[in-house]
Every structure is written in structure tokens, then in C-alpha cells.
Amino acid sequence: MAFNIEILDEDKNIDLITIYDENSEIKFTNFGMRIVDWKVHNRSVILGPNENEDVIQYYEENPYFFGATVGRYGGRIENATFELNGQTYKLEQNDAQHNLHGGSNGLHTSVSDYEIINEDEVVTVIYTVDMQSDDDYFPGDIQIKVSHRYDLTQMMWTIHYEATSTEDTLFNPMNHVYFNLNRTNETIENHTIHNQIEFYPLKENQIVKSLNTVNINDELNKEILTFKDIFDSGLEQIEQFNGIDHPVKLENTSFNISNDELEIEMQTDQDHVVLFTLNDVDWNDEANTIHEHGGFTLEAQAIPDDIHLLGDKAPSILRSGKTYSSETSYQIKRKK
């Protein structure tokens, strides 16, 4: 086991951290608290820059939030406004009239301080960053700690979030990594989803309609689905968005997706995961390796726009003096 640190930009204090052994390798950066690459037996299982690309430029130009820690609020807040404690807050409208992923000054743009804890086969990168209310127009200044722990023996990446705020605010972080267990330039159509897909339908503006769910397995009368089954289903919501971009209600703490060789298991303490299948590609890298339906996300978080759906009971409300804490892990396994 080993790790190394490469300075990507000394003036901006941006580094690339690589943790590796003979079986796997994972790369992180403190620019957006991102996962940059994850190789299992020399195969990349996530989407990201290749070794010849400028990492910083790639993420500055890439509009898909590849590998980024997203916050302070993951997903869309309708009309970029919400009410909390009787006060109305107006946010940046960076997705038509809505606020997406906390705005253009969200965590994905941050350059964080970090420390590394090396414990034999487990290496943890602990990032710390402060967000000011003046930067993103959410109430309260918020102190955030995000830990990326990699267990080389288990081939497991674990994210732990902690946060406190000076005022009552919203906090709904997630990571926007895209997985593809094939070679990363192949479609994910052959991937099998081993959980029920009970999703929340979206309005045309991609905001959650209501708390009434639709079960795709029941709609197609199939216990196990591939992404191809879903893409070809003819369901109105799938046709409308050219794939999935929906919050999914979790039956339990785990969610599993596999191809013929590998399986990814997500474990989370969240009740929902946003499943997105890279439905439109309007920007590409130098080698044109990004393709429609070329990856999927597993964004463990509260339902986007929960402040409008649930009001004062929204899980994303972080009260002043309280500490937010949540953990999600992803493990790659070889199928037997």
C-alpha cells in the first residue's frame, strides 16, 4: 500500500492524491473534493479525465460535475427561493429560474485544506472548507468537513460528511461521481440493477412533482431490470428525459448494480438516491470519450427540493448548533 501527492497548481494550492496497491488505485483532488479516477485491476470504473488531460482545466470546463462534492444543496431548488422560519431566501438562478447544486459558488468550485491519515490498508483524506452566506445566499456561514476513506483490502471508498452552521440553513450534500463498470467509453445498457426502482416523477422543469412514487419494476412486470430495459420501456418519464434523472426511494441501506464481471454496492444512511444516466451530452473532452448513457450516478441524499415538498420537516434543514453527519460507501466487487 502507498500513496503520493502531486502538486497540480502551486499557486492555487490544488493537489492530486493517489492511493494504490497492486489491485486498485484511487485518485482524489482537493479541487471540489473530487474523486478523479478509480481503477480496479487497471480498469477505470468511473468517468473522468485521462492521464494526458489537464485535470484542473478538465473540471473547470466539464459541465457534468464529474466526481465532485456537491453542496451546500444537491439538486434543484424550484425558482431558486425557499422559506425557512418565516423568512424567504432568494438564491442564484443558475439553472433557468432554479438553483442547481447550490449555485455557481458551490462546493464543486472550492479548493479545500486537507490532511491525510495513513492506517496500513486504509487511507483517509479529510477536507475542510468554510462557506459564507454572502457567497451562495443560503442563510448561515457553514463549516464543512468531508472525509474520503479508501480501504485497499475491501476496495471500498467511504464518504463522511459533517457540518455546522451559524444559522438555521439547508444542507444536502452528495457526490456526483459517474460509474461505468464496462470500459468507460461503452454504454451502461448491459448493467443490471438489483434493487426495485421506485422513483419520484418529475415535472417538465425537472423538479419533483410530489411524494407519490412510480415503481418501474411493477410497470414493466420485471423483478430485475437492466438499464436497457428502462431506456426501451416507453414510459413517459423515461422518454421525456431520455433516461433516468430521478430520486429513488431506497428499500434498505444498500443499492447494487453490476455487469458480467463487476458489481458496485452502495451503502448509505440516506433514504434516497438520485439515479442519473447521463442523458444528454453537449460537451466533450479532447478524445470525445463522453457518451450519452455512458455512466450512472448514485447520489445518496435527501430528495431534491425537499424544502418545498416537506416544509419544516425537510431532512435538509440543518439547525444552528446541531451537527450534520452522514456516510455513504461504494465497494467494487468481482462477480464469481
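Position 1 is the first residue of the sequence, and the numbers go up from there.
Side-chain contact check for His148 and Thr158: no donor-acceptor pair (N or O, by modelled atom type) lies under 3.5 Å. Of the N and O atoms on the side chains of Thr69 and His108, not one donor lies less than 3.5 Å from an acceptor on the other residue. Side-chain contact check for His272 and Tyr200: at least one donor-acceptor pair (N or O, by modelled atom type) lies under 3.5 Å. Side-chain contact check for Asn190 and Asn259: no donor-acceptor pair (N or O, by modelled atom type) lies under 3.5 Å. Residues Gln143 and Thr164 have side chains that bring a donor and an acceptor to within less than 3.5 angstrom of each other. At a cut-off of 3.5 Å, with distance as the only test, a side-chain donor of Thr277 or Asn279 sits close to an acceptor on the other residue. No hydrogens or angles considered: nothing links the side chains of Asn23 and Arg334 as a donor-acceptor pair under 3.5 Å. Under 3.5 Å, the side chains of Asp95 and His98 contain no donor-acceptor pair of N or O atoms. Between the side chains of Ser320 and Asp168, no donor N or O sits under 3.5 Å from an acceptor N or O. Gln206 and Asp245 are linked by a side-chain donor-acceptor pair at a separation below 3.5 angstrom, with hydrogens and angles left out of the test. Checked by atom type, the side-chain pair Gln331/Gln154 shows a donor-acceptor distance below 3.5 Å.
Proximity of the aromatic rings of Tyr58 and Trp283 is defined here by a centroid distance below 6.0 angstrom, and this criterion is met. Aromatic rings of His101 and Phe65 (six-membered ring for Trp) have centroids within the 6.0 Å cut-off, being under it. In summary, the aromatic rings of His176 and Tyr178 are positioned with their centroids under 6.0 Å apart. Between Phe241 and His246, the ring centre distance stays below 6.0 Å. Ring pair Phe227/Phe296: centre-to-centre distance below 6.0 Å.
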| query | Please walk me through it: do Thr18 and Lys27 pass side-chain hydrogen bond (donor to acceptor under 3.5 Å, both in side chains)? | reply | CA-CA 4 Å; Thr18 303; Lys27 294 178 183 284; 3.2 Å; yes
| task | Apply the test salt bridge (charged side-chain N to carboxylate O under 4.0 Å, His left out) to residues Asp271 and Lys249: give CA-CA distance (whole Å), side-chain angles for both, the deciding distance (0.1 Å), then the verdict. | result | CA-CA 6 Å; Asp271 294 327; Lys249 187 176 182 179; over 6 Å; no
| Where do Lys335 and Glu265 land on the salt bridge (charged side-chain N to carboxylate O under 4.0 Å, His left out) test, with the steps shown first? | CA-CA 12 Å; Lys335 293 186 72 177; Glu265 178 175 1; over 6 Å; no
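Residues Lys12 and Glu60 are paired through a salt bridge, judged by an N-O separation under 4.0 Å between the basic side chain and the carboxylate. Using a 4.0 Å cut-off between a side-chain N of Lys or Arg and a carboxylate O of Asp or Glu, Arg76 and Asp305 do not qualify as a salt bridge. Between Asp151 and Arg149, none of the side-chain N atoms (NZ, or NE/NH1/NH2) sits under 4.0 Å from a carboxylate O, so this pair counts as no salt bridge. Under 4.0 Å is where a charged nitrogen must lie from a carboxylate oxygen, and between Lys203 and Glu78 at least one such pair does.
With contacts defined as side-chain heavy-atom distances shorter than 4.5 Å, the pair Glu261/Arg43 qualifies.
Between atom NE2 of residue His160 and atom OG of residue Ser325 there is a gap of 3.5 Å, rounded to the nearest 0.5 Å. To the nearest 0.5 angstrom, Ile230 atom CD1 is 11.0 Å from Glu189 atom CD. In this structure, Asp21 CG and Ile26 CD1 are separated by 11.5 Å, a value rounded to the nearest 0.5 Å. Considering CG of Leu47 and OG1 of Thr289, their distance stands at 7.5 Å, rounded to 0.5 Å. Separation of atoms OG1 (Thr169) and CG (Leu84) is listed at 7.5 Å; rounding is to 0.5 Å.
Among Asp130, Thr128, Val129, Ile126, the single residue meeting the side chain to side chain contact (heavy atoms under 4.5 Å, CB included) criterion with Asp113 is Thr128.
For Glu61, the CD atom is densely surrounded, since the number of other residues' heavy atoms within 6.0 Å is greater than 12.
Although no hydrogens or angles enter the test, the distance criterion places no donor-acceptor pair under 3.5 Å between the side chain of Tyr330 and the main chain of Gln267.
At least one cation-pi condition fails for Arg34 and Phe28: the charged atom is not both under 6.0 angstrom from the six-membered ring centre and inside a 45 degree cone around its axis.
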